Amino acid sequence: MKKLSILGLALLLFGCQEEGVLTQTPNSTTLNPNATLRYFGDFYPTAGIQVEGGVRIYQTPGGFQLELNGFSISSGPDLKVYLSQADTPSNFVNLGNLTGQTVYSIPNAVNLSNYSHVLIHCQQYNHLFAIAPLQEN
Amino acid sequence: MKKVISIVAMIVPLLMAQGQGCSDAGICSVGKSFENDSLVFKNSLEWGSQYAKGDADVSYVAHFLSYTKRFNARFAFSAKVTLSTATGSFGTRTQFGDAILVGNYHFRPQKKQHWSALLGLKFPFTASNLKINGFSLPLDYQSSLGTIDAFLGVNWRVQRWDFNTVWQIPLVNLNKNSYFREYGGTNDFVSTNLFERQPDALVKVSYTQPIPNSRWSIKPNLIAIYHLGEDSFENIFGQREKIQGSSGLTVNANVNINYVFNTSHQIDLALASPFVVRDVRPDGLTRSLVINLVYQYSF
């Protein structure tokens, strides 16, 4: 009986895990209507990953914005959008989590001419999912 | 009983103070293993529940389940599992925190003093990267710091005084937190992307005062924790950056009120609050008020 009680208690504990509802309003970015297209590219996947769509980088009066265009990708944990100086995540700018949002602001400190790729990268398991080489418009 | 009420009345205003306090990253409670040296029973189970107020608007409800096995007069071993719910402006997140395994060795008691030592390990159940709807959360909302830690400690008991010192050393960093202040929508929390933390050293002094002709005892204590270095994180450019002001001293005032039902059952109420704090608390160990209730069953 004692053992059963302990087991029951343990099961009760394991049943307590919960992911609630997000109540904080995340920084949401929308594409500036006065944006001018500067760079674009199409994603290709790494082994075992499926990806569709491309990326466009626009210049706006307030800075640069990155838009994922017609984009979908295999699900993965902890996916990030990187602006990268190569097709591997070595020198990069982490633009944040890959969520439902499609537009990401690029920090003003970034010299865009130094960045040649956009990557979708799983940070937690250090696994590259997709690569988009950038071309100047 | 009147004395107990008087002391509680003195402590409560102190608990209203704001600041940084002890959470249960492990170090605050690991020394408790020293205190239970009853030889009447070989086993004990503890269930603890805690309410705490943290930084910004975060509040916590945490629970633990602990089992202690006394092999003989010298050796004891305890295993503990924690579960924590954090609630604040980001929402609510509940998850298991850590498993903590501690071995105690009690040296042969001398006349009025008694030495013991502990060695422990803490294993995280998460990589400290819990999210809500894919949105990264600061460490204040994480149930574990995401490190495998070692605990090394010594206790010296002389009459009613206890002096503990414990060193908590992160051995393996599994922390994969991905919170950036830049993308968080608030300035309440610092960036902790791929957080790396430094060791802590704890010194605890306590005095046990039994209430005459009653089952009550009261134990006021001071817990000083020194965070031995600046923590760091990886910024949005992939470069590691130290978090200035994250090292330093925290001092907590704590009081334990204990009631013994009989040889098998007892409860312990602990109230704690800090009055010396670090400048920056990236690890989310920001409790300004902790109320902890523990029930112990020995068999």
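These numbers come from the heavy atoms of this one structure, side chains and all, not from hydrogens, waters or symmetry mates. Numbered from 1 within each chain, the chains take letters A, B, ... in sequence-line order. Predicted, not measured: the structure shown is a model, and the values here were computed from it.
- Considering all non-hydrogen atoms of both residues, A:Asn97 and B:Ser136 come closest at ND2-OG, 2.8 Å.
- No more than 12 heavy atoms of other residues, nucleotides or ligands shown are found within 6.0 angstrom of CD on A:Gln50.
- Between the CD atom of B:Glu182 and the OG atom of A:Ser105 there is a distance of 12.0 Å, given to the nearest 0.5 Å.
- The nearest pair of heavy atoms linking B:Phe237 to A:Ala109 is CZ-CB, 4.3 Å.
- A donor and an acceptor atom, one from each side chain of B:Asn129 and A:Gln123, are nowhere located under 3.5 Å apart.
- Heavy atoms of B:Asn235 lying under 4.5 Å from chain A are absent altogether.
- For the set A:Leu95, A:Thr99, A:Asn91, the count of heavy-atom pairs under 4.5 angstrom toward chain B peaks at A:Leu95.
- Few gaps surround OH on B:Tyr295; more than 12 heavy atoms of other groups in view lie less than 6.0 Å from it.
- There is no contact between B:Gln239 and chain A, counting heavy-atom distances below 4.5 Å.
- Contacts between A:Pro107 and chain B at a heavy-atom distance below 4.5 Å involve the side chain alone, from C-beta outward.
- Heavy atoms of other residues, nucleotides or ligands lying less than 6.0 angstrom from NZ of B:Lys69 number more than 12.
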#### Entry: Stepwise side-chain contact (heavy atoms from CB on, under 4.5 Å) check, A:Lys80 with B:Ser178
CA-CA 9 Å; A:Lys80 310 293 178 193; B:Ser178 58; 3.0 Å; yes
